[in-house]
Amino acid sequence: MSRPAVVVDGVSKRYRLYHERNQSLKATVLRRRRARYEEFWALSDVSFEIAPGRTFGLIGENGSGKSTLLKCLARILRPERGTVTVDGRLSALLELGAGFHPELSGRENVYLNGAILGLSRRDLDARFDDIVAFSGLEHFIDTPVKGYSSGMYVRLGFAVAINVEPEVLLVDEVLAVGDAEFQQRCAEKFDELRRAGRTIVIVTHAMDSIRNLCDEVALLEHGTLRALGPAATVINDYEDSVHANRRADGVGWRWGTGEAEIERVEFLDATGRAVTHVRTGDPLVVRVHLAAAEPIEQPVLGLGVHTLDGVQVTGPNLREAGLVPDRFVGRGHIDHRIPRVPLLPGTYDFSALLYDYTITRAVDARIRAFRFDVIHGDPAEEHGVVTLGGTWDLAGLADGR
Ligand SMILES: Nc1ncnc2c1ncn2[C@@H]1O[C@H](COP(=O)(O)OP(=O)(O)OP(=O)(O)O)[C@@H](O)[C@H]1O
Ligand SMILES: [Mg+2]
């Protein structure tokens, strides 16, 4: 087997958090014997290897240590313990505009950055037009970069970083910054580098990008390596754990005449156990608990399901189903049975609405008040909001099997 492009071996990185300057003499005296700083391990004993030509993703929550690890790879930070080995010419795009000089023009900064990355003036002359074209900043290339927007910084920084033909490219979070067209161009460039056998390490919170770009993914949690493996496996597990750990507390709002009340909504699995999440394709019962002090005639109960973006996915009700009860009083519940949940993994807000028969007068409307998660199940689809539940048929191919 060929030599790995990147070896991270037992890396631990400590930061010191310095206390603020004491403001009064008394505080100074009181503090005297305490340490002026606290120590904090941003990375603890992280080890992995990246084979040459791989596109490797680093994921994890805010503060989990991703940028710190990338800076260790770029040798901007030195770990307290462990070693980092990178084989080949390295180029990194780390923080916004890092390495740019604000007073200098875009053009001057391209030359400055290129020189730092080890390119000669002649190399840069030869590549300059490509760099500018990639950045799309032709009109701004001779103005000082201090006037650039954050998106413009990223464009220029990225254009330089990838056009110096690195063997190992480190990229922190750019995918999130550019517009859609720039992101597309980055994705194409990644592909080109990948085909040329270059190694790429990407940090981003954009899970769809990681899923599509990366071969392998490492998940960091509080500075430790939590998972390492094929992109889809690690990302699915990560998303599922995020969804499964979130509290089921819908935001929502409420109105109505108050003649009857939707007390609460329960989500039950196949065994009747209350759950906060379900897998795509599993059965689910949505149980709506009702209470009415006075009899209420022909109440219509409805449900609504929204994505967090506010798109309504569906909204069944008793009247459409032809099942409106004549009257209801006291307490009780109504179940909505879903044999196979068609929702794809994600978080959804459920609404429960109690109306009069004409569905014009709300008795109790609890809108997007019950939050619920769906995690990966069967079918293992990723894109969109629902599965059509369809099956594929290859029989029509000439050579179909
Ligand atoms: N220079 C520093 N001094 C002290 N603490 C720091 C420093 N840089 C980062 N940290 C802390 O180290 C931890 C890891 O930070 P890091 O920036 O690596 O996280 P991250 O995974 O990149 O997060 P994000 O997704 O928000 O970019 C955080 O708790 C952060 O507050
Ligand atoms: Mg970061």
Side-chain angles (χ1 to χ4, degrees), residues 6-21 34-48 50 55-84 86 90-100 150-151 153-155 157-158 161-162 168-178 183 186 190 200-214 216-229 231 234-243 245-246 347:
V6 175
V7 179
V8 175
D9 185 15
V11 165
S12 297
K13 176 66 204 168
R14 176 183 60 201
Y15 288 121
R16 286 182 172 165
L17 305 170
Y18 289 86
H19 295 304
E20 280 174 34
R21 276 269 142 72
R34 283 199 228 144
R36 292 193 319 284
Y37 56 82
E38 279 165 45
E39 290 186 345
F40 162 76
W41 290 94
L43 293 173
S44 333
D45 198 17
V46 174
S47 301
F48 58 84
I50 306 174
T55 303
F56 190 90
L58 265 179
I59 62 172
E61 289 179 7
N62 294 126
S64 55
K66 305 179 296 296
S67 297
T68 302
L69 182 53
L70 227 48
K71 286 178 191 158
C72 290
L73 292 179
R75 305 202 177 284
I76 293 169
L77 291 177
R78 201 148 49 110
E80 270 62 39
R81 296 188 201 134
T83 56
V84 169
V86 175
L90 179 130
S91 169
L93 186 62
L94 300 177
E95 264 144 350
L96 265 190
F100 281 152
S150 53
Y153 265 103
V154 166
R155 281 165 174 266
F158 195 62
I162 57 176
V168 178
L169 175 66
L170 312 177
V171 183
D172 197 346
E173 288 288 6
V174 265
L175 298 167
V177 181
Q183 287 181 15
C186 290
F190 282 140
I200 307 172
V201 184
I202 307 175
V203 168
T204 178
H205 290 278
M207 289 302 154
D208 279 342
S209 308
I210 289 253
R211 202 191 293 278
N212 291 326
L213 289 170
C214 294
E216 272 184 303
V217 168
L219 167 64
L220 287 179
E221 199 177 284
H222 303 302
T224 62
L225 185 66
R226 216 352 90 86
L228 176 70
V234 176
I235 293 169
N236 288 358
D237 287 354
Y238 172 64
E239 287 183 339
D240 287 352
S241 75
V242 169
H243 287 143
N245 288 333
R246 233 182 15 69
T347 301

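Atoms within a ligand are numbered from 1 in the order they appear, just like the ligands themselves.
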Student: Tell me: protein heavy atom nearest atom 27 (O) of ligand 1, and distance?
Tutor: S67 OG, 3.9 Å

Student: Distance check below 2.8 Å: does T68 bring an N, O or S atom to the Mg ion (ligand 2)?
Tutor: no

Student: Check whether any side-chain heavy atom of E239 sits under 4.5 Å from a side-chain heavy atom of R211, and report yes or no.
Tutor: yes

Student: Check ligand 1 against T68 and write out every atom of the ligand that is under 4.0 Å from a heavy-atom position of the residue.
Tutor: 14 (C), 15 (O), 16 (P), 18 (O)

Student: Answer side chain, backbone, both or neither: which part of D172 comes under 4.0 Å from ligand 1, heavy atoms only.
Tutor: neither

Student: If the threshold is 4.0 Å, N to carboxylate O, is there a salt bridge linking E38 and R16?
Tutor: no

Student: Got a protein heavy atom sitting under 4.0 Å from atom 19 (O) of ligand 1?
Tutor: yes

Student: Checking a contact table here: which protein heavy atom is nearest atom 1 (N) of ligand 1, and how many Å away?
Tutor: Y15 CE2, 3.7 Å

Student: What do we get for A42 next to ligand 1 when only non-hydrogen atoms under 4.0 Å count, side chain, backbone, both or neither?
Tutor: side chain

Student: Please could you name the atoms of ligand 1 that E61 approaches to less than 4.0 Å, counting only its heavy atoms?
Tutor: 21 (O)

Student: Determine, counting only non-hydrogen atoms of the protein, whether one lies under 4.0 angstrom from atom 14 (C) of ligand 1.
Tutor: yes

Student: Using modelled atom types only, decide if a donor and an acceptor are shared between the side chain of K66 and the backbone of E61 within a distance under 3.5 Å.
Tutor: yes

Student: Would you say G60 touches ligand 1, if touching means a heavy atom closer than 4.0 Å?
Tutor: no

